[in-house]
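A note on names: the letters A, B, ... follow the listed sequences, proteins ahead of strands, and every chain is numbered from 1.
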Protein chains: 2
Amino acid sequence: MGLPDDAAEARAQGWRTLAALHARIEDELERALQKRHGLSVSEYGVLDVLARQDEHHLRMNQLSNAVVLSQSATTRLVNRLEDRKLLERYLCPTDRRGIYTEVTKAGRDLLDKAQPTHDAVLTEALRKATEVPELAPLVDALDKLPMPVS
Amino acid sequence: MGLPDDAAEARAQGWRTLAALHARIEDELERALQKRHGLSVSEYGVLDVLARQDEHHLRMNQLSNAVVLSQSATTRLVNRLEDRKLLERYLCPTDRRGIYTEVTKAGRDLLDKAQPTHDAVLTEALRKATEVPELAPLVDALDKLPMPVS
DNA sequence: ACTTTACGATTGCATGCGCAATCATAGCGC
DNA sequence: GCGCTATGATTGCGCATGCAATCGTAAAGT
């Protein structure tokens with residue numbers, strides 16, 4: 001029967017597997033999005049998450065939480081996208097500390113073109129992963145994930 | 001019944017969930033390892049993968065593949081660890097293009113101290129993740145992963 | 001043996017990131 | 001109304017990363 005160390009080792013092993021899978025797929029997405037649409041994964045993530053909001057806007061804070069980046073990285077990420085006219089900033093009317101970001105028409109158009117690329121690369125990468133025995137269960141779990149609550 | 005778009009959207013949703021989970025946990029690991037042992041996640045990964053080899057050494061090439069980093073990043077990562085005397089380089093005797101890396105005693109000792117931290121943080125992070133409904137199945141899948149073939 | 005090609009690792013360079021400090025606005029206590 | 005603290009966002013700075021070019025070694029073709 002397993003000592004606690006065995007359980008820890010099994011978890012660590014699983015984590016290494018997941019981390020490696022994630023890194024490889026993200027690499028592929030990065031290259032494909034960069035090459036075909038001039039977007040990094042982070043930039044795509046911002047446009048995607050903003051477009052999926054009911055109100056189509058988010059505060060910097062919420063945005064950095066959604067893309068899992070630091071506040072400073074988010075500021076600069078938004079700067080780059082704003083410079084490219086893919087999104088716009090505007091002050092929150094009720095709290096002038098807050099700043100909303102919202103995708104522009106151009107941003108929406110670019111996202112619409114990039115989304116098929118993203119999905120195709122992802123689908124293919126996951127399909128390939130399924131062929132590796134120790135990755136298959138992880139990929140299967142992905143498909144069965146429930147939708148987020150909110 | 002789902003159009004292809006629905007399937008793609010479901011996959012993308014699952015991927016966002018996985019990517020976010022991965023990013024948050026890696027952040028936690030990074031902070032804990034950095035604070036308590038002066039190691040980044042990448043540095044920990046190198047020591048860990050090297051120590052787990054039967055021969056205790058790996059070529060730069062294999063190493064960059066194992067930690068999923070570019071060759072140049074791996075070179076510099078190994079430089080940093082070598083400067084800190086945590087590992088050593090030596091030429092492959094049969095092919096002088098190849099360079100082996102091997103953990104030193106000091107590297108082994110540091111790894112032994114860092115491993116409990118890594119495992120504890122990981123275990124706690126996964127436990128917390130289990131409490132979030134849409135993450136639970138993913139974490140469950142992790143525990144059930146088969147060991148890698150080699 | 002000589003050239004050509006391939007492979008493994010390193011270096012120059014530009015860039016995106018996190019941390020800590022800072023600025024601006026809001027809200028609270030008095 | 002006036003400080004004091006809290007919150008949201010930005011900026012200065014150092015650093016790790018990827019890409020492309022390069023160097024050194026090996027192997028193959030002739």
Check the distance between [N]'s [atom2] and [X]'s [atom1] and give it to me in whole angstrom.
X: Q71(A); N: dG16(C); atom1: CD; atom2: C1'; value: 17 Å
X: R59(A); N: dA24(C); atom1: CZ; atom2: C1'; value: 14 Å
X: D27(B); N: dA16(D); atom1: CG; atom2: P; value: 16 Å
X: L58(A); N: dG8(D); atom1: CG; atom2: C1'; value: 14 Å
X: L69(A); N: dA16(D); atom1: CG; atom2: P; value: 18 Å
X: E28(A); N: dG18(D); atom1: CD; atom2: C1'; value: 16 Å
X: E82(B); N: dT10(C); atom1: CD; atom2: C1'; value: 13 Å
X: L63(B); N: dG8(C); atom1: CG; atom2: C1'; value: 13 Å

Determine, for [X] against [Y], whether the closest basic-nitrogen to carboxylate-oxygen distance falls under 4.0 angstrom.
X: D95(B); Y: R59(B); value: yes
X: R11(A); Y: E124(B); value: no
X: K113(A); Y: D109(A); value: no
X: D112(B); Y: R108(B); value: yes

Exercise for review: Output the distance between atom CG (L63(B)) and atom CG (L58(B)), rounded to the nearest 0.5 Å.
Suggested key: 5.5 Å

Practice item. Nearest-nucleotide wise, let me know which of D95(A) and T74(A) is further upstream toward the 5' end of DNA chain C. Key: T74(A)

Check your understanding: When the nearest nucleotide of DNA chain C is assigned to T75(B) and to S72(A) on a heavy-atom basis, which residue is associated with the more 5' position?
Key -> T75(B)

Check your understanding: With respect to the side chain of R97(A), which nucleotide from dG18(C), dA6(C), dA6(D) is positioned closest?
Key -> dA6(D)

Study note, to complete from the structure: Among dT10(C), dT7(D), dC17(C), the one nearest any side-chain atom of S42(A) is dC17(C)

**Study point:** Pair of N/O donor and acceptor under 3.5 Å linking dG12(C) base with R76(B) side chain
**Key:** yes

Practice item. Return yes if the base of dT25(D) and the side-chain atoms of R96(B) contain a donor-acceptor N/O pair under 3.5 Å, otherwise no. Key: no

Review point. So which one's nearest nucleotide on DNA chain D is more toward 5', N61(A) or L77(B)?
Key: N61(A)

Point to revise | R31(A) vs R89(A), nearer the 5' end of DNA chain D by closest nucleotide | key: R89(A)

Exercise for review: May I ask you to verify if any side-chain N or O of S70(B) is less than 4.0 angstrom from the OP1 or OP2 atom of dC19(D)?
Suggested key: no

Review point. So what does S40(B) touch, heavy atoms closer than 4.0 Å: a base, only the sugar-phosphate, or nothing?
Key: nothing

